[in-house]
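Every heavy atom of this structure was used, including side-chain atoms; hydrogens, water molecules and symmetry mates were not. This one's a predicted model, so the numbers in the text were calculated from it and none came from an experiment. Order of appearance sets the numbers: ligands from 1, and atoms from 1 within every ligand.
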Amino acid sequence: MSKTFAEVWDNCLKFIRDNVSPQSFKTWFEPIKPLKLDSGVLTIQVPTQFFYEWLEEHYITLLKSAIRKELGAEGKLVYSIIMDNNHAASKQPYSTKIPATDKKAVLNPSVNAPMDIGNKAIKNPFVIPGLKKINIESNLNPYYTFENFVEGECNRLARSAGYAVSKKPGGTSFNPLLIYGGTGLGKTHLANAIGVEIKKNFPNLTVLYINSERFTAQFIDAVKNNSTNDFVNFYQLVDVFIVDDVQFFAGKEKTQDVFFHIFNHLHQNGKQIILTSDKPPVEILGMEQRLLSRFKWGLSADLQVPELETRIAILKMKVFKDGIDLPDDVLEHLAYSITSNVRELEGALISLLAQASLNKKEITLDLARKMIDKFVKNTQREISIEYIQKVVCDYFKLNMDLMKSKTRKREVVQARQIAMYFAKGYTKASLATIGAHCGGKDHATVLHACKTVNNLMETDKRFKSYVDELEKKINLNA
Ligand code: ADP
Ligand code: MG
C-alpha cells in the first residue's frame, strides 16, 4: 500500500530534523503543511514567497534528499504559497512560469514579484482596476525582529526611532527614517524589524523591503522592457517603503531620478519611508543634492560599534535562541576579543560552535581562547616589520643586528631581501619605511629586493621552499 501525503511529509520531516538545528527546524519546517501527493508529486504549503525563496536558497539540497528518500528519484516537490485566506498559488522549484491566476484576484503580485515586470503577456501586473487591496510580498526576513535586536548605547536612538515609526508609520516626524552605520552593525536587521513590527501592528498596510541594488536592477529591466510606468506605479502603491543600502544609488543618475519620483509621491501621501546607508548622507558622493536634502527631512540615526556589555548581551541572546549552552566566561572572552562588528562576532561564535562539534569537544575557556585567537588573527592580522625580521633571522640563524646593518655579506643580503619582501606583502609600511628598518636602504632598493625574491622564487626551487616555509612561520606565530 502506498503512503499518504501526510506520512510522506512526516518521514521527510524526520530526516530533515536530523540535519538542521532545532531553531532552523522550528522556523523553516514546522510551519510547512503538506497538501497532497499526486503521482509522485508532493505539494507543500509555505506561508510566504520569502519563505519559499529561503527554502530554495538554503535547504534545497536537503529537501531534495528527503524527497528522493521517500518518493524515489522521480519524486517532485511543488510549493503552494499562501497569499491570503482565500487563494493559493503553486510554485515548482526551478520553474519560472507564472502560476495560474485566481478568478477573484485576477493577478497576485505576491507570486508575480516585481522582478517579473518585463513579462510581455501581462502589461501591468500590479495595478488591477477595481481591486481594492493588493497583496504584495514584503520581502521581509522574519528572523530580523525587534525581539532579536539587542538594545545598547550603540543603537539606542536608531532603535527607539524605529520602534516609534513601527507604532505610527507615516505619522511621526521620522519620515524618512535614515539608519546609517558601518558594515555588520545591524542596519538591515533594524530596517527589517521595523517592517516586521508594522506588519504585525497593521496587517493591512503594504510593506515592501528592497535592497537598492535589486531596485536598480529592476529599474534597468523596466527600461529595457518599456515598462517604467508600471515600475513607478507599482512602487507608488506601497504604504511602507524600506530601501536598504541607498549608498549604492551613488553615481546612478537615472535610478536616482526614478527613486526621487517615487520618494516624493509616497512622502506627499503620508507613506513611511525607511532608508539605510553605510555612511551619513553628507558623505555619500555621487548622490543628487535634491535627494540628499530629502533624506534629511526626517531623522538620520546612526548605529555605532556595540560596547562590551552589548556584545555580551548579543552573544547570550544568540546562544539562547539556538538552545545552546555555553559558559559565561567563554562568551565574555569572545565579546572581549571581537570588537569590530556584530557580523564578525556572530561569525566567531559560529566558527567556535562548528569546530567544537566537529572535534566533539566541550567548549572550555581554554579551547575557546585557542580558537578565538586564531579567528582574530585571521581576520585582523597586524604584523610588524620587526616581527618579520625576527622570524627571518631565527630561520637563517642570523643576528638581528646584522639584518639592520649595512653589511653586504651575501647571506645577510639575501635574508634582508626576504624580510623586505614579506614586509611589503604583510604590512602597510611604505617602501621607504621598510628600507629604513633594513640597513637604511632607500625605496628603490626595497623594490629591487622584492623583484629579486619574486624572480628567484620562480627559478630556484630550493629558494622557493625557504620562502614558503618562512611564510608559514610568519602566519603561524603572527
Ligand atoms: P548591516 O546591514 O549593518 O551590514 P546586519 O543588519 O546585516 O548589518 O547585521 C549583521 C548581523 O548582526 C545580523 O545577523 C544581525 O542579526 C546581527 N546584529 C546586528 N546588530 C544586532 C543587535 N543589536 N542585536 C542582535 N543582533 C544584531
Ligand atoms: Mg545590510
- Using heavy-atom distances, let me know which of Glu344, His189, Lys187 sits nearest atom 15 (C) of ligand 1. His189
- Message: Pairing donors with acceptors under 3.5 angstrom, does anything connect the side chains of Thr310 and Glu307?
- Response: yes
- Can a donor-acceptor pair be found between the side chains of Gln218 and Tyr235 at a distance below 3.5 Å? yes
[atom]: which protein heavy atom is closest, and how many Å away?
atom                    : value
atom 11 (C) of ligand 1 : Glu346 OE1, 3.5 Å
atom 2 (O) of ligand 1  : Thr188 OG1, 2.8 Å
atom 7 (O) of ligand 1  : Arg343 NH2, 2.9 Å
atom 8 (O) of ligand 1  : Gly186 N, 3.1 Å
atom 26 (N) of ligand 1 : Lys318 NZ, 3.4 Å
atom 18 (N) of ligand 1 : Val342 CG1, 3.2 Å

- Heavy-atom contacts with Asn155 under 4.0 Å: which atoms of ligand 1 show up? List them by number with element. 23 (N)
Is the closest basic N to carboxylate O distance between [X] and [Y] below 4.0 Å?
X      : Y      : answer
Lys224 : Asp221 : yes
Lys14  : Glu70  : no
Arg214 : Asp245 : no
Lys200 : Glu197 : yes

Is the shortest N/O to N/O distance between [X] and ligand 1 below 3.5 Å?
X      : value
Ile314 : no
Val150 : yes
Tyr143 : no
Leu185 : yes

- Message: Heavy-atom pairs closer than 4.0 Å: do any link ligand 1 to the side chain of Glu151, the backbone, both, or neither?
- Response: neither
- Query: Which bit of Asn148 is near ligand 1, meaning a heavy atom under 4.0 Å away: side chain, backbone, both or neither?
  - Reply: backbone
Answer with yes or no whether [X] contacts ligand 1, where contact means a heavy atom under 4.0 Å from a ligand atom.
X      : answer
Gly181 : no
Met317 : yes
Gly182 : yes

- Considering the options Ile273, Ile194, Val240, which one meets the side-chain contact (heavy atoms from CB on, under 4.5 Å) requirement together with Val165? Ile194
- Does a sphere of radius 6.0 Å around CG in Asp18 hold more than 12 heavy atoms from other residues, nucleotides or ligands, not counting ones at 6.0 Å or beyond? yes
- Taking 2.8 Å as the cut-off, does an N/O/S atom of Thr188 lie below it from the Mg ion (ligand 2)? yes
- Message: Donor-acceptor check, side chain of Asn155 to backbone of Glu151, threshold 3.5 angstrom: yes or no?
- Response: no
- Message: What I'd like to find out is whether the side chain of Leu292 reaches to under 4.5 Å of the side chain of Val282, using heavy atoms alone.
- Response: no
- Query: Parallel, tilted or perpendicular: which fits the ring planes of Phe422 and Tyr426, with parallel below 30° and perpendicular above 60°?
  - Reply: tilted
